[in-house]
Structures are given as structure tokens and as C-alpha cells.
**Student:** 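Got a structure here, written out as C-alpha cells. Questions coming.
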There are 2 protein chains.
Amino acid sequence: MSQRALQDYLKATYKLSGDDERPVTTSALAERLNVAQPSVTGMVKKLAAEGLMQHIPYQGVRLTPAGRRVAVETIRRHRIVEQFLVQVLGLSWDEVDAEAEVLEHAVSERVVNRMWEVLGRPDSDPHGSPIPPPHADLQESRDLCALSDAPTGVLLRVARLHERSPEALRYLAGLGVVPGGEVRVVERAPFNGPLMIGAGQALHALDAGMAQAIWVHAEFAG
Amino acid sequence: MSQRALQDYLKATYKLSGDDERPVTTSALAERLNVAQPSVTGMVKKLAAEGLMQHIPYQGVRLTPAGRRVAVETIRRHRIVEQFLVQVLGLSWDEVDAEAEVLEHAVSERVVNRMWEVLGRPDSDPHGSPIPPPHADLQESRDLCALSDAPTGVLLRVARLHERSPEALRYLAGLGVVPGGEVRVVERAPFNGPLMIGAGQALHALDAGMAQAIWVHAEFAG
DNA sequence: TCACATTTTTAGGCTAGGCTAAAATATGTC
DNA sequence: GACATATTTTAGCCTAGCCTAAAAATGTGA
Ligand SMILES: [Mn+2]
Ligand SMILES: [Mn+2]
Ligand SMILES: [Mn+2]
Ligand SMILES: [Mn+2]
């Protein structure tokens with residue numbers, strides 16, 4: 001198996017599985033990886049044979065501890081590369097994801113750790129996602145909740161942005177929604193409708209899907 | 001075709017072809033790329049169909065102008081990455097070649113040009129090989145000759161080291177042979193035998209093959 | 001509990017980039 | 001100019017990673 005395919009499958013499984021490590025369907029993987037469902041079934045069998053996944057036919061897949069380690073190391077490389085591209089090479093934070101999606105498979109452990117050192121051992125990437133120390137595990141969403149699930153009226157601090165398209169990120173930044181910034185949910189339309197959010201002085205309508213990509217600190221003692 | 005295969009084949013052809021752009025045999029490519037000869041014939045046909053090479057069966061291959069451009073851009077990325085790994089990330093100059101061999105296919109034009117700017121637009125890599133400006137052509141061995149062809153007794157300045165193994169590079173550095181350093185050919189054994197070279201105070205015997213990897217300025221006005 | 005819609009896997013095929021063994025071509029020697 | 005030898009190409013095969021269409025398993029609701 002190519003490193004690229006292997007790492008992308010494990011990473012996608014990890015991200016879809018969540019902190020509670022619930023099983024992931026092959027169709028969810030297919031959608032996330034932009035490949036057909038039978039392609040996923042084929043790859044999943046190989047990854048299971050390698051001991052990186054557990055596959056229960058018709059049920060779904062789960063990462064083994066070994067698979068989880070590969071996934072976490074790949075995500076760590078991705079985030080360090082992103083931070084490096086922004087801090088050292090001056091690329092803009094909304095466009096580094098695509099570059100990192102390739103480079104995460106090409107940088108060696110030595111190179112990525114040197115990057116991390118040169119950056120001063122940062123603990124998060126340009127989108128607010130955590131960077132663990134070498135070989136450490138990753139706790140993704142400690143004390144965070146999506147803006148779509150956040151209480152109304154409370155002042156909240158933005159922790160991370162999960163949206164990957166540069167356009168979406170620039171749009172959110174234009175609204176004042178950036179990691180470390182403040183937002184308030186003013187009103188929530190019923191039936192999973194758009195949210196009215198306050199950021200700075202202004203009030204904006206925000207699609208519910210986009211609100212899921214915005215993670216805020218659950219308790220904001222601001 | 002994958003970018004990786006395409007770029008490595010064109011790069012190898014460029015390097016084996018030399019400044020006079022003489023035709024390259026498929027067996028020479030096979031040896032350089034560590035693949036079997038029939039694999040090269042197959043790839044060469046595809047690259048010729050893409051307009052990147054001209055293939056005359058049983059004779060050899062030559063790069064087209066388009067193929068040469070791809071080769072030069074790939075070599076440029078390789079050398080900028082090497083210099084960046086040494087200068088910014090602190091890797092040692094004898095071990096960056098292997099890293100660059102992978103990264104040269106993964107860094108985008110934007111990233112490599114930012115690296116070049118951050119480095120202060122260097123005109124050579126850690127081994128003394130030239131780095132052209134963006135989109136410029138490459139003149140590899142202007143006024144250089146291999147130590148194996150250099151005149152005896154004359155003080156020479158080392159321009160570049162073509163050897164790729166870290167062990168060989170460290171050995172040469174241990175002898176005092178580094179880009180920018182000085183050497184003198186004291187004696188040359190007949191039948192392409194070893195050379196006696198002077199570097200600093202000391203005198204060393206050097207294999208003729210290794211002497212081919214050392215390029216010196218043809219006229220040293222030192 | 002059984003029919004039906006949905007999800008997943010299997011079956012079979014394709015391209016890329018390798019391989020070995022056999023056939024074709026080129027070259028050096030007499 | 002003919003032949004032996006070396007080089008190169010062709011033929012046929014393999015694995016990886018993708019695809020579509022068909023078959024099988026799942027689970028829903030009457
Ligand atoms: Mn990736
Ligand atoms: Mn990120
Ligand atoms: Mn390469
Ligand atoms: Mn170099």
C-alpha cells in the first residue's frame with residue numbers, strides 16, 4: 001500500500017470516529033475520501049489485514065491502537081506543516097490545508113520535528129486544532145462544543161474552525177469568526193435552520209452546516 | 001502518469017544527457033532509476049507520447065524543450081529544498097538529498113518560491129550545485145571540470161560535489177574536500193587509477209570514481 | 001413475518017508502474 | 001559480408017488503487 005492511501009484512510013477513519021471511537025461506515029469513508037464505496041471496502045480489507053483496522057462486514061470499521069497511532073502521527077504532521085507554512089513561509093491560513101494534505105505524506109519524522117522545534121513547539125495549528133508533542137496521543141475536543149450546539153446569549157470564545165475550503169474560511173474571518181475570537185449565538189431558527197450570531201458589533205445569519213464547523217470553548221469564563 | 005515517476009524520469013534523463021544534450025540510453029536510465037530496462041522502455045514511450053521526450057528506438061532518448069523545462073523545475077525544487085533543510089531546519093548537508101528526493105515532488109511552486117525568498121534567493125545548494133531564478137534555464141557545468149580531469153599540481157577550488165551517499169560526502173568532508181575549499185592533484189596513477197590529492201596540509205589517496213564526483217573551477221585565479 | 005428500500009460487498013475491469021523471459025535489433029570481429 | 005555478442009524492445013504477468021454493475025445482507029413498517 002502506498003503511504004499516501006494508507007495514511008489518508010486511517011486519518012479519515014480517525015476523524016469520523018470521534019473521541020468516543022464509535023465505528024465508521026464504509027460509505028462515510030467513501031464520501032469523505034471522494035472515492036466509490038467498493039473502493040473503500042477493498043482498502044479497508046487490506047488495512048484490516050495489516051492490523052491497522054478492525055472490519056466487521058456490513059457494520060463498519062474501527063481503528064486498532066496501531067492504526068490510531070498512524071492516524072494521529074499523520075494529523076500531527078499535517079498541523080505542524082500548516083503552522084510552518086503560515087509562520088515561516090508566510091502563506092495565508094485559509095489556503096494551507098491543501099498544501100498540507102500532500103506534504104503530510106512527504107515530510108519525514110525528523111523534518112516535522114525540526115519544524116515543530118523551529119516554531120517553538122506550538123500546541124495548535126492555524127485553525128486552532130491541537131498539535132500534540134511527539135508520540136503523544138490526541139484528545140480532539142476536550143471541553144469544546146460546536147457553535148450549532150452552543151447555548152444562546154452567552155459570550156463564547158472560538159477554539160477551532162473545521163471548515164476546509166479557503167472560501168469558507170475567508171468568509172468566516174470576514175465575519176470576525178477566527179480562532180481566539182468571540183461570538184454569541186443570538187437566535188437559532190427551528191428545524192436546524194440558520195443561526196443569528198453576534199461577532200464584534202455586527203449581527204450575521206449563519207448556515208447551520210457552517211455553525212457545525214465552528215468549535216467554541218464550552219465554558220467561557222471571559 | 002504520477003508526478004513522481006514523470007519528474008524522476010525527466011530529471012534522470014536531463015542529468016545523464018549533460019550540457020551538450022547528447023542522447024541517453026534506456027539502460028543508463030534503468031541503472032540510474034534502479035528499475036529494469038523494460039520498465040524504462042515502457043515509461044519512455046509514455047513520456048514521448050506526452051511530448052516530453054523524443055524516443056528513437058534502439059538509439060536512445062532526448063528531452064524536448066517541454067521535458068527539459070519540467071526537469072529543470074524539478075531540479076530547482078530539489079536544490080531549494082536541500083538548502084532550506086540545511087539553513088532553516090538545521091539538517092546536515094550530507095543527509096538532505098534523500099529527503100529532497102521525496103519533497104521535490106510534493107512542494108508546490110508557491111511553497112518552493114517562498115522558501116527561496118526566505119533563504120535570500122541563494123544561487124547554489126549545500127553541495128554547490130546551482131539554483132536558477134524561477135523559470136530560468138540551467139547551465140550545469142559552466143567553467144567546471146571533474147577533479148579526475150583536472151591538471152596536476154595546480155591549486156583548485158572545489159565547486160560542487162555530485163556524490164549522493166551521506167557516507168561518501170562525510171568522507172570527503174573529512175578529507176577537507178567541501179564546496180568552496182581548495183584541493184591540488186599531486187599525482188595521478190595510470191589506467192584510471194587512484195589520485196593523490198592534497199587538501200590543507202595532508203595528502204590523501206582518492207578513488208578515481210570519487211574524483212569524478214568532485215567538480216572544480218577550471219581556472220582558479222586564487 | 002415478510003416484502004421492500006437501503007447499504008454493503010462481490011465480481012469484473014481499467015490504468016499506472018513495476019517485473020521476467022523471449023524476440024528483435026545493433027554492433028564488433030573476422 | 002556473416003556471425004556472435006550485447007543491447008533493446010516486445011510479450012505477458014503482477015500489485016495498487018480506483019471504477020461500475022450485480023448480488024447479498026440489513027433493517028423497516030405493514
Ligand atoms: Mn493527505
Ligand atoms: Mn488545520
Ligand atoms: Mn524524486
Ligand atoms: Mn544537492
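The sequence lines fix the lettering, A, B, ..., with proteins before strands; numbering per chain opens at 1. Both backbone and side-chain heavy atoms feed into the values below; hydrogens, waters and symmetry mates do not.
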**Student:** Under 4.0 Å, heavy atom to any atom of DNA chain D: which of residues 2-14 of chain A qualify?
**Tutor:** S2(A), A5(A), Y9(A)
**Student:** Going by the rule side chain to side chain contact (heavy atoms under 4.5 Å, CB included), which residues pair with A168(A) if we only count those two or more places apart in sequence or in a different chain?
**Tutor:** E163(A), S165(A), M210(A)
**Student:** Suppose we screen for ring pair (Phe, Tyr, Trp, His ring centres under 6.0 Å). Which residues come up paired with H78(B), at least two apart in sequence or across chains?
**Tutor:** none
**Student:** For residues 50-63 of chain B, which side-chain donor-acceptor pairs fall under 3.5 Å, sequence neighbours excluded?
**Tutor:**
unit_1, atom_1, unit_2, atom_2, d
R62(B), NH1, E21(B), O, 2.7

**Student:** Regarding R22(B) and S17(B), do their side chains bring together a donor and an acceptor under 3.5 Å, going by distance alone?
**Tutor:** no
**Student:** With the sugar-phosphate defined as primed atoms, P, OP1 and OP2, and the base as all remaining atoms, what B/S/- string results for nucleotides 6-14 of chain C, 5' to 3', for protein heavy atoms under 4.0 Å?
**Tutor:** --BBB----
**Student:** What are the atom names and distances for every N/O pair under 3.5 Å that joins the protein to nucleotides 1-3 of chain C?
**Tutor:**
none

**Student:** Going by the rule side chain to side chain contact (heavy atoms under 4.5 Å, CB included), which residues pair with S124(A) if we only count those two or more places apart in sequence or in a different chain?
**Tutor:** none
**Student:** What is the separation between atom CE on M43(A) and atom P on dG17(D), rounded to the nearest whole Å?
**Tutor:** 4 Å
**Student:** Between dC18(D) atom P and L29(A) atom CG, what is the distance in whole Å?
**Tutor:** 12 Å
**Student:** Would you please name every residue forming a side-chain hydrogen bond (donor to acceptor under 3.5 Å, both in side chains) with T25(B), sequence neighbours left out?
**Tutor:** S27(B)
**Student:** Check the side chains of H105(B) and Q3(B) for a donor-acceptor pair under 3.5 angstrom, ignoring hydrogens and angles.
**Tutor:** no
**Student:** Show which side-chain atoms of residues 30-39 of chain B pair as donor or acceptor with protein atoms under 3.5 Å away, not counting sequence neighbours.
**Tutor:**
none

**Student:** To the nearest angstrom, how far is E50(A) atom CD from dG17(D) atom P?
**Tutor:** 10 Å
**Student:** Under the salt bridge (Lys or Arg N to Asp or Glu O under 4.0 Å) rule, what pairs show up with a residue in residues 69-92 of chain A, not counting sequence neighbours?
**Tutor:** R79(A)-E140(A)
**Student:** So how far off straight is the helix from dT1(C)-dA30(D) to dC30(C)-dG1(D), going by the axes through five pairs at either end, to 10°?
**Tutor:** 10°
**Student:** Using atom types as modelled and distance alone, determine if a side-chain donor or acceptor of T74(A) lies under 3.5 Å from a backbone N or O of V70(A).
**Tutor:** yes
**Student:** Got a sec, which residues hit ring pair (Phe, Tyr, Trp, His ring centres under 6.0 Å) with W93(B), two or more places apart in sequence or on another chain?
**Tutor:** H127(B)
**Student:** Where do F84(B) and V112(B) land on the side-chain contact (heavy atoms from CB on, under 4.5 Å) test, with the steps shown first?
**Tutor:** CA-CA 9 Å; F84(B) 192 85; V112(B) 80; over 6 Å; no
**Student:** Would you say E99(A) and S108(B) are linked by a side-chain donor-acceptor pair, where the criterion is simply a distance under 3.5 Å?
**Tutor:** yes
